[in-house]
Amino acid sequence: MDKFVINGGRPLAGTVIIGGAKNASLALMPATLLATGSFQLRNTPVLRDVTTMSRLLESMGLRFSRQDTTLTVENAGVTSREAPYEHVKKMRASIYVLGPLVGRFGEARVSLPGGCAWGPRPVNLHIEGLRKLGAQIDLDGGYIIAKAKRLHGARILFDISSVGATGNILMAAVLAKGSTIIENAAMEPEITALAEFLVAMGAKIHGIGTGCLEIEGVDELHSASTTTIPDRIEAGTFMVAAALAGDRSKSVRLEHCQPRHIGSLIVKLEDAGARLKLGPDWVEVTPPEAITPVNATTAIYPGFPTDMQAQWISLMSMSTGTSIITDTIYFDRFAHVPELARLGANVTVKENIATVFGSPRLKGAKVMSTDLRASASLILAGLAAEGTTEVLRVYHLDRGYEAIEKKLQGLGADISRVAGEEF
Ligand code: EPZ
């Protein structure tokens, strides 16, 4: 397993190109189960999770080829309606095949996703939604077994706003007989991108981008192509890197990003003292002389993303005072805190609330990645810490950040990947 070795304190400056959104690609790829033909998914990032999803879909009969950032999907027929545990245990988003399989073929056998590094990840909303659309769902031997003659439209309310459940039910409802209403639908840009892709495939969806989606079922869909939206969490991660370790006399410019999709973080960074300039597809961040402590509470889009919570704790750990970070989406997503403490961060966690006592200096140490965004927070802290930081098990990072060390090297960071032995 690889590790990153970081010699902290190098001031970051220059330009970084943001890639396509992982969480959009992981929804667009299973949507190609819904129609035969050839699909071009442009601006698809090269990530472990994208590879995992393509391997799962290949086991169902789809074929993939890549030309630069364009992923071509050939669907000449779906030969399997099953997502085995071996695939699903690697990545929870594999459950996105459930909706399209039941919607188009009336059957699916999909392994229940296990937990993840920070606790249980229920799928009750996915199951309840499919049942309302007329699917018979049994749970047997760790598998979701779904059957339906043909799904029918329904009125569905998600008590908790769920990105995955909204995506799954959307992909199930587009071929159902009749109309479906999804109340309290997720409004994340990745769901909007999925809905727009489904419309390009011939689906009839109204209310895109709002919390109420209306789907008029059709009998058949056709292939289509799309350009994946930029990754707002990769962009947010680099914006925090600039605020934490940027050259105070210069700036870090992010290109190919979508500032509108990360507006909540932009406000928080300005509150923390960073100076930002925004363009249609670029952001320039100049770091503050001193980091002002700023509280943050995660929320569904367009609130402050839970996927930026760990990175924000890293920034606040070097602020001039105390800040409170509350995660209302995942109550136990704090595996990064004990690792940050090894770098000298002073953070206490009680239930879903982290209290960060900022200090002007962190000191390099060996730290362990536990999950994707936790690993990112350790890299950020290592960039600002004095001395050498080793971040172990960086395969977690490779799941959701394309060549992050190369992009950081391009900004002047002293970071290198060391391959190999068991760390
Ligand atoms: C998506 O996960 C993202 N993953 C996550 O990003 C992100 O953290 C999350 O949305 C929240 O924004 C992908 O898009 C592939 P949810 P998802 O269903 O869909 C509860 C990353 O780092 N819930 O919106 O699994 C759930 O426990 C990843 O890129 C139920 O109770 O998240 C959570 O508290 C990590 N029952 C809340 O809803 C359900 O059936 C939001 O979860 C489903 C969810």
Side-chain angles (χ1 to χ4, degrees), residues 1 20-35 39 41 44-66 71-127 129-130 135 137-147 162-172 190 194 228 369-372 393 395-402:
M1 285 187 255
K22 166 178 85 78
N23 292 346
S25 297
L26 295 179
L28 298 173
M29 290 166 77
T32 63
L33 287 165
L34 286 163
F39 303 75
L41 305 181
T44 299
V46 177
L47 299 171
R48 280 171 68 103
D49 276 6
V50 169
T51 304
T52 302
M53 182 62 83
S54 46
R55 290 221 177 103
L56 169 60
L57 293 169
E58 278 170 347
S59 74
M60 294 178 176
L62 302 193
R63 291 291 163 262
F64 289 81
S65 58
R66 177 181 276 272
L71 190 67
T72 298
V73 190
E74 300 293 349
N75 179 346
V78 177
T79 53
S80 159
R81 277 81 157 136
E82 174 161 341
Y85 178 65
E86 292 62 39
H87 282 286
V88 179
K89 73 178 163 65
K90 284 187 211 142
M91 182 182 66
R92 167 188 168 75
S94 309
I95 196 163
Y96 264 144
V97 302
L98 183 61
L101 288 173
V102 184
R104 186 170 180 215
F105 304 107
E107 62 174 351
R109 186 170 182 274
V110 176
S111 167
L112 276 167
C116 69
W118 66 80
R121 301 281 295 275
V123 290
N124 58 306
L125 299 173
H126 301 242
I127 291 167
L130 286 172
I137 307 265
D138 296 303
L139 300 181
D140 182 36
Y143 278 77
I144 301 167
I145 295 149
K147 281 199 175 27
S162 162
V163 172
T166 303
N168 241 335
I169 297 309
L170 194 51
M171 289 192 277
E190 294 76 25
L194 171 64
T228 310
S369 303
T370 51
D371 60 86
L372 173 57
R393 297 188 181 170
Y395 62 86
H396 288 291
L397 268 165
D398 294 333
R399 293 189 54 174
Y401 291 96
E402 183 174 345

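When reading the values below, keep in mind they use all heavy atoms of this one structure, side chains included, and skip hydrogens, waters and symmetry mates. The shown structure was predicted, so the numbers you read here are calculated from the model rather than taken from an experiment.
Residues Asn23 and Leu26 form a side-chain contact, since some pair of their non-hydrogen atoms from C-beta on lies under 4.5 Å apart. A 4.5 Å side-chain heavy-atom check between Lys22 and Leu372 finds at least one atom pair inside the cut-off. Side-chain contact between Leu62 and Phe64 is present, with at least one heavy-atom pair separated by less than 4.5 Å. Contact check for Arg63 versus Asn75: no side-chain heavy atoms found under the 4.5 Å cut-off. Using a 4.5 Å cut-off on side-chain heavy atoms (C-beta onward), Arg66 and Thr44 make contact. With contacts defined as side-chain heavy-atom distances shorter than 4.5 Å, the pair Ser111/Pro84 does not qualify. Considering only heavy atoms from C-beta on, Thr52 stays 4.5 Å or farther from Leu56 through its side chain. Residues Met60 and Val97 form a side-chain contact, since some pair of their non-hydrogen atoms from C-beta on lies under 4.5 Å apart.
A salt bridge between Arg81 and Glu107 is present, with a side-chain N of the basic residue lying under 4.0 Å from a carboxylate O of the acidic one.
Not a single salt bridge (Lys or Arg N to Asp or Glu O under 4.0 Å) links Arg48 to another residue, sequence neighbours left out.
Between the side chain of Glu402 and the backbone N or O of Leu47, no donor-acceptor pair lies under 3.5 Å.
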I'd like a table of donor-acceptor pairs (distance under 3.5 Å, sequence neighbours excluded) in which one partner is a side-chain atom from residues 138-145, with atom names and distances.
residue: Asp138; atom: OD2; partner: Gln136; partner atom: NE2; Å: 2.8
residue: Tyr143; atom: OH; partner: Tyr85; partner atom: N; Å: 2.8

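Of all the heavy atoms in Leu57 and Pro30, the pair that sits closest is CD1-N, 3.9 Å. Between Ser80 and Leu101, the shortest heavy-atom contact is O-CD2, 4.2 Å.
Looking only at atom types and distance, the side chain of Asn168 has a donor-acceptor partner in the side chain of His126 under 3.5 Å away.
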